[in-house]
Number of protein chains: 4
Amino acid sequence: MRRKSGDKERSIAEAAVKVFARDGYHGAKITDIAEVAGVATGSVYLYFHNKESILHHLFTQLWKGMNGALAELLARNDLGAREKVEELIDTIFGLFAPNPSLALLFVNEQPQLLREGSGEFMHYYIEFLRMGEQVVRQGIAAGEFDASVDARLFTNYVFGAIRQVLHQWARAPRQFPLAAVRKEVRHITLHGLLPR
Amino acid sequence: MRRKSGDKERSIAEAAVKVFARDGYHGAKITDIAEVAGVATGSVYLYFHNKESILHHLFTQLWKGMNGALAELLARNDLGAREKVEELIDTIFGLFAPNPSLALLFVNEQPQLLREGSGEFMHYYIEFLRMGEQVVRQGIAAGEFDASVDARLFTNYVFGAIRQVLHQWARAPRQFPLAAVRKEVRHITLHGLLPR
Amino acid sequence: MRRKSGDKERSIAEAAVKVFARDGYHGAKITDIAEVAGVATGSVYLYFHNKESILHHLFTQLWKGMNGALAELLARNDLGAREKVEELIDTIFGLFAPNPSLALLFVNEQPQLLREGSGEFMHYYIEFLRMGEQVVRQGIAAGEFDASVDARLFTNYVFGAIRQVLHQWARAPRQFPLAAVRKEVRHITLHGLLPR
Amino acid sequence: MRRKSGDKERSIAEAAVKVFARDGYHGAKITDIAEVAGVATGSVYLYFHNKESILHHLFTQLWKGMNGALAELLARNDLGAREKVEELIDTIFGLFAPNPSLALLFVNEQPQLLREGSGEFMHYYIEFLRMGEQVVRQGIAAGEFDASVDARLFTNYVFGAIRQVLHQWARAPRQFPLAAVRKEVRHITLHGLLPR
DNA sequence: GATGAATGAGCCTTCATTCAT
DNA sequence: GATGAATGAAGGCTCATTCAT
């Protein structure tokens, strides 16, 4: 059985993750991506409109996934707000765990993409944050969370924290074992630095 | 003859902050930096060896400042660990407050620079994190902080959180008034999400 | 797909000979070479690493040819030393005859290249001179040549003489018809200025 | 006593000889010449119109000297044609002997200058060759030289030969001691390669 | 006159994108 | 669809020249 053409698109996308992570978006050459993907340079343009659209495709995929996971979580009635937060942290880590390159890409290039402020992924990103805020608000309303916390700011705060920690892990997976990191993050997020 | 003026170097550096923040390092053109600085293109090269060295200069300055502030804080005997943490957060915000562009530059380009893993600023950056850890450890030893916290991870966590929050502020200073943000960050960092 | 054609490399090389001869190496613009070659600017870099390597390529080719011709000559048993010298002079002229631009390039740029003292062509150049000396020494040993002549110096002397004469010819082929020049050079080289 | 301003012009010219010889005309930077001359960059332009004119000045001086020496020689009645040729060779070597850099400059840059075909020095250069031819013709007429020699070509031939030999000497004065070289050149020029 | 900082035109080179095969 | 050679726009950097001091 021959590979379907969808496979080629996927292999280009996967190659792009690696090369973008390794060389940075601007340092990455289309030719290198094609080589890693095992296709000809020109073939990249059969599946993607241009270099930028590859990056956007990756971020759209990524944020669609994060968004979907959070949406699912939000809908569950069997979990309290705190459990949802814990679950969300686990989900995010789980999403990146198999692919450190993806984490590096995510950490390194997201700021640049935000500068432009456009792209399909923005939709998912913004909604993701909004849903995050909602969880916090629900928790506050239910008395589970500290009422003095600003939901929007807190969401950003945690989001940035997790990104940095993911970055450390992706750069040196041995020094920062993911299981430990994940647990620690949950704890800090919930309890802060002061002792109970 | 005309004397080489420190003013000109500074104005180029300041222009670079603006243009790098606006267009990103790779999108920034030396010609634009020169224009914003009010000098000729070639003059940039009287003060900086090349484009990259401008960026490194800015980050070195930045981290020297952060590092110095933290070193000073660390040396003070009149403050407890918690007060030091609070003070540090204030200091960082204070450092960026007058210059949102600097915050954007800092957030956008630092990941790229870390990928290379070299540069004078790295020294200050690494020591900065190390000193951060030390404050946390002192606090734990003094019983001020939760002993179950991992100092290194926590420092990274907070660092990432602050970066993200700064980013939000720099992109929309009105929506995220700095004073409020700063206070909130102190609170979350210390108490976490759960109510006391 | 389009196949990388040896023709294109050759046409770039030939264009480079013309443009280098006309404008000098430093005055020559890659864009002009590409234009003369009938290719796009960027195509030059598909076949050559950079401007300098084009020049080196040309000189390597040139000296490989000169070297090969002399090596062949040296190996022949059917010729005496005097005949070899005569033949060599003819060969050199024959090599440049179809291409005055090549002679100009050779005369104008060789000194600059020697200043650097590196490059693949140096190997062939040095060996060429060494073989020239050897012919002279053989002639002396066989009693064909004046024993008081210093082989090394003589080789350089004649080499310089021929270069200058070639230069004159290349600048004004009409005024210095090659056949006459060639004959005259043979005569002077062997007999000098004084009458027999 | 203060240095006269003529000194400054001379020191720039001398510096230019060194720097041009070392780096080549195109590789030489005005700033470097100024530095070697011990003056400010801008001062160079008080004495020379531009970079090219420095080179032309040097070559004009050089050829004026060569020209003058030959003119003097030509006018002497006490010497035969052969003695004049010998004397001329000695004169040329004598002119460069104290300054190898000048010889390098002369050898390396003359071809480039001839490409342009203009400049005051051309006048002296052409007349120099013409006088050289005249000596040869006088010698032929007097029965001192081989009548079958073409005066013009011979002059060029010898000129090129001497240039190359000078080049070798200037690059490695030890390996090619000037006195020996000079004597050898006289011999070859007069007698050629064949034994008497 | 002297200085050297400032200028800006110019060119080599890269690489995203195209297109003949 | 697939290929990879070909394209050419764009920009970092140099350095001869100028000019304010």
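For clarity, every value in this text was computed on a predicted model and none was experimentally measured. Sequence lines set the chain letters: A, B, ... in the order given, protein chains first and strands last, and positions in each chain run from 1.
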Base, sugar-phosphate, or nothing for Val39(C), non-hydrogen atoms under 4.0 angstrom? sugar-phosphate
Using the ring of each side chain (for Trp, its six-membered ring), is Phe106(D) parallel, tilted or perpendicular to Phe59(D), with breaks at 30° and 60°? tilted
Using Watson-Crick or G-U wobble geometry with both distances below 3.5 Å, tell me the partner of dA20(F), or none. dT3(E)
Which whole-number value in Å describes the distance from Ile54(D) CD1 to dT17(F) P? 9 Å
Under 4.0 Å between any heavy atoms, over every strand shown, what does Ala28(C) touch: base, sugar-phosphate, or nothing? Just pick one. sugar-phosphate
Using OP1 and OP2 only, check whether a side-chain N or O of Thr41(A) sits under 4.0 Å from dG4(F). no
Measure from the side chain of Lys51(C), starting at C-beta and using heavy atoms only, and say which of dA6(E), dC12(E), dT14(F) lies closest. dC12(E)
Candidates dT17(E), dA6(F), dA6(E) - which lies nearest the side chain of Tyr45(A): dT17(E)
Report yes if the side chains of Leu104(A) and Phe20(A) come closer than 4.5 Å at any heavy-atom pair, otherwise no. no
Glu116(C), CD: over 12 other non-hydrogen atoms inside 6.0 angstrom: yes
Tell me whether Lys51(C) forms a cation-pi arrangement with Tyr25(C), defined as NZ or CZ under 6.0 Å from the six-membered ring centre and within 45 degrees of its axis. yes
Out of dT3(E), dT13(E), dG1(F), minimum distance to the side chain of Leu46(D) belongs to dT3(E)
Phe48(A) atom CZ is separated from dT18(E) atom C1', nearest whole Å, by 18 Å
Between dA16(F) atom C1' and Asp23(D) atom CG, what is the distance in whole Å? 15 Å
Given atom CG of Asp7(A) and atom C1' of dA2(F), what is their separation to the nearest angstrom? 16 Å
Which of dT17(F), dA6(E), dA2(F) is nearest the side chain of Lys8(A)? It is dA2(F)
Base, sugar-phosphate alone, or nothing: which one does Tyr47(B) contact when heavy atoms must sit under 4.0 Å apart? sugar-phosphate
Counting heavy atoms not belonging to Lys18(C), are there more than 12 under 6.0 Å from its NZ? no
Rounded to whole angstroms, how far apart are CD on Glu35(C) and P on dA6(F)? 18 Å
If each of Ala40(C) and Gly42(B) is mapped to the nucleotide of DNA chain F with the nearest heavy atom, which maps nearer the 5' terminus, i.e. the 5' end? Ala40(C)
Whole Å only: how far is the NE2 atom of His26(A) from the C1' atom of dC15(E)? 12 Å
Taking only side-chain N and O atoms of Ser43(A), does any of them lie within less than 4.0 angstrom of OP1 or OP2 on dA2(F)? no
Ile30(D) side-chain proximity, nearest of dT17(F), dT13(E), dA2(E): dT17(F)
Side chain of Lys29(A) (C-beta onward), nearest among dT3(E), dA2(F), dC15(E): dC15(E)
Closest-nucleotide mapping onto DNA chain E: is His49(C) or Glu52(A) further toward the 5' terminus? I mean the 5' end. His49(C)
